[in-house]
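Residue numbers start from 1 in every chain, and the chains themselves are labelled A, B, ... in the order their sequence lines are given, proteins ahead of strands. Side-chain atoms are counted along with the backbone in the values below, which use heavy atoms only and exclude waters and symmetry mates.
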Amino acid sequence: MAKKKRRIWWFHVDEIEEAETWLGDMAAKGWHLSGSDAIFVHFTQGQPETVRYRCDIFSRKDGFEERIDLYTQTGWEYVASVGSSLHIFRAPATGAVPEIHTDPVEMAPTLNLLLRPYYMLGLSALAMFALCLIPLFIYGNVPLGLLVYADYLFILSLVPAISLMIIAGNGICRVVRKRKMLRRGSSFSHNKPYHYVFSRGWGTLFVLVLGLVLVAANAVNVFRSDHCSPLPQGELPVVRLSDIISHTEYIIIEPDDFELFNGCFTSSSLLVPWQWYSAEFAGQLAGGGSVSRTSLVFSSYRARTTGLADILARMLPSKFELRKSESYPGDLWIYQHGNVHEFILLKDKYVFYVVYNGLEPVEKLIRLVEDKIASLSK
Amino acid sequence: MTEAMYYVLLALCTPLHGYAIMGAIEELSRGRVVMGPGTLYGILSRMEKEKMIALEEADGRRKIYKLTSAGREALRQEYLRLKAMVADGKTLVEEGDNG
């Protein structure tokens, strides 16, 4: 029985001349094309022969049988199809069988069919890119998301989408260029170097697989960053509720009851590598006070530069509700409504964003934050 | 109109099926014009859409094409245009060759 082997079809849909040369070279080594499937083309071993292979582009919907019949009568044997619009024929290298396309100007419009797969690829890549950007929206807007969220993993997870966009863009440009060449009356060469196609193919596959792994890792990261661990007892780069109020006055709600509130997590991005979030919750005043829920949500950031810290302080989501303090001798924005105090303090590379709900004067909290900055800057 | 289109219309002065058109073109151009099946099929489907040619009764499973009146008129116009072009060039080119 004749030996068989299969090879991945690495050619882009428009790399017709390269594919034809490759198939011809395979036949010269005794490997003759015998079929195809979604990914592979199949070869059967036989006598080495000089054969002309031609790829023609047409839709399957449009009189497929009739067209194959016409080609067969002319001397072109239909061998296989790759995808829905690329069809491979072969004929003896010498003899009276005319080329499939004898008029390049008439051939030019057939290339339009090749644009569609590239448009689809481009659109899918755009959709993939948009999907990767979703985590950024958690932060309210994309620029703020980029500042606070975009780390190495995130940037790398964009690689597959970006590489597919580049492939699609390049493909569209090549098809347009080839169409122009045909319209000017120059024919395809049917003899073009193709070896680069294989190394490019494996390279692209590697980048895509790596990228998809990173997308998955990024998704896991999103999931994990939402998870709060219990507040540790040691020194934290944040102000604790216990720094402002006395334990004896309040009943501290146990983490088991309000796990989401009494917890903390750290995060990091390329521009703001140091981020710490904590949320604490205390219950009623012992003996029945009027404040039923005392809480402190504390976010501290250290940006790479003072400029970035400045941008971050101005972008934080509630910022538009906060007003710049006239009396404070630095960058402080404040919002107050009832017992709710919200403020953003900017100092050098540090930004502190604090939401406090309680009876203690907010000035006390601001002083504590200043002390914290002073200790961190040392 | 391209040369290929002109010859397809010319060949279809007698109704023919696809493969026969190729033979007819080669014959009537005395071997000068050889048309590949891809080029021919492209022209046939386009001309059919543009109603310059139409299908006659199918011969078995092979389609037989014939000229429509629009196709015949287009061929006549092209013939007259080419004839005028030859006439325009005649004096200058032939005189140039002689002198």
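In this structure, B:Glu48 has no salt bridge (Lys or Arg N to Asp or Glu O under 4.0 Å) partners at least two apart in sequence or on a different chain. Under the salt bridge (Lys or Arg N to Asp or Glu O under 4.0 Å) criterion, A:Asp103 pairs with no residue, sequence neighbours left out.
Against chain A, the residues from residues 22-32 of chain B that qualify, each with a non-hydrogen atom under 4.5 angstrom away, are B:Met22 in number order.
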In a table with atom names and distances, give each donor-acceptor pair under 3.5 Å that connects a side chain of residues 81-89 of chain B to protein atoms at least two apart or in another chain.
from    : atom 1 : to      : atom 2 : distance (Å)
B:Arg81 : NE     : B:Glu78 : OE1    : 3.1
B:Arg81 : NH2    : B:Glu78 : OE2    : 2.9

What's the verdict on salt bridge (Lys or Arg N to Asp or Glu O under 4.0 Å) for A:Glu20 and A:Lys192, showing C-alpha distance, side-chain angles and the deciding distance?
CA-CA 8 Å; A:Glu20 290 172 351; A:Lys192 239 182 167 178; over 6 Å; no

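Nearest heavy-atom pair across A:Arg179 and A:Ala108 is CG-O, 3.5 Å.
B:Leu40 touches chain A through its side chain: at least one heavy atom from C-beta onward sits under 4.5 Å away, while N, CA, C and O do not. A:Glu99 touches chain B through its backbone: at least one of N, CA, C or O sits under 4.5 Å from a heavy atom, while the side chain does not.
For the 3.5 Å distance criterion, the side chains of A:Tyr118 and A:Arg174 qualify, holding a donor opposite an acceptor. Using modelled atom types, one finds no donor on one side chain facing an acceptor on the other under 3.5 Å when comparing A:Asp69 with B:Tyr19.
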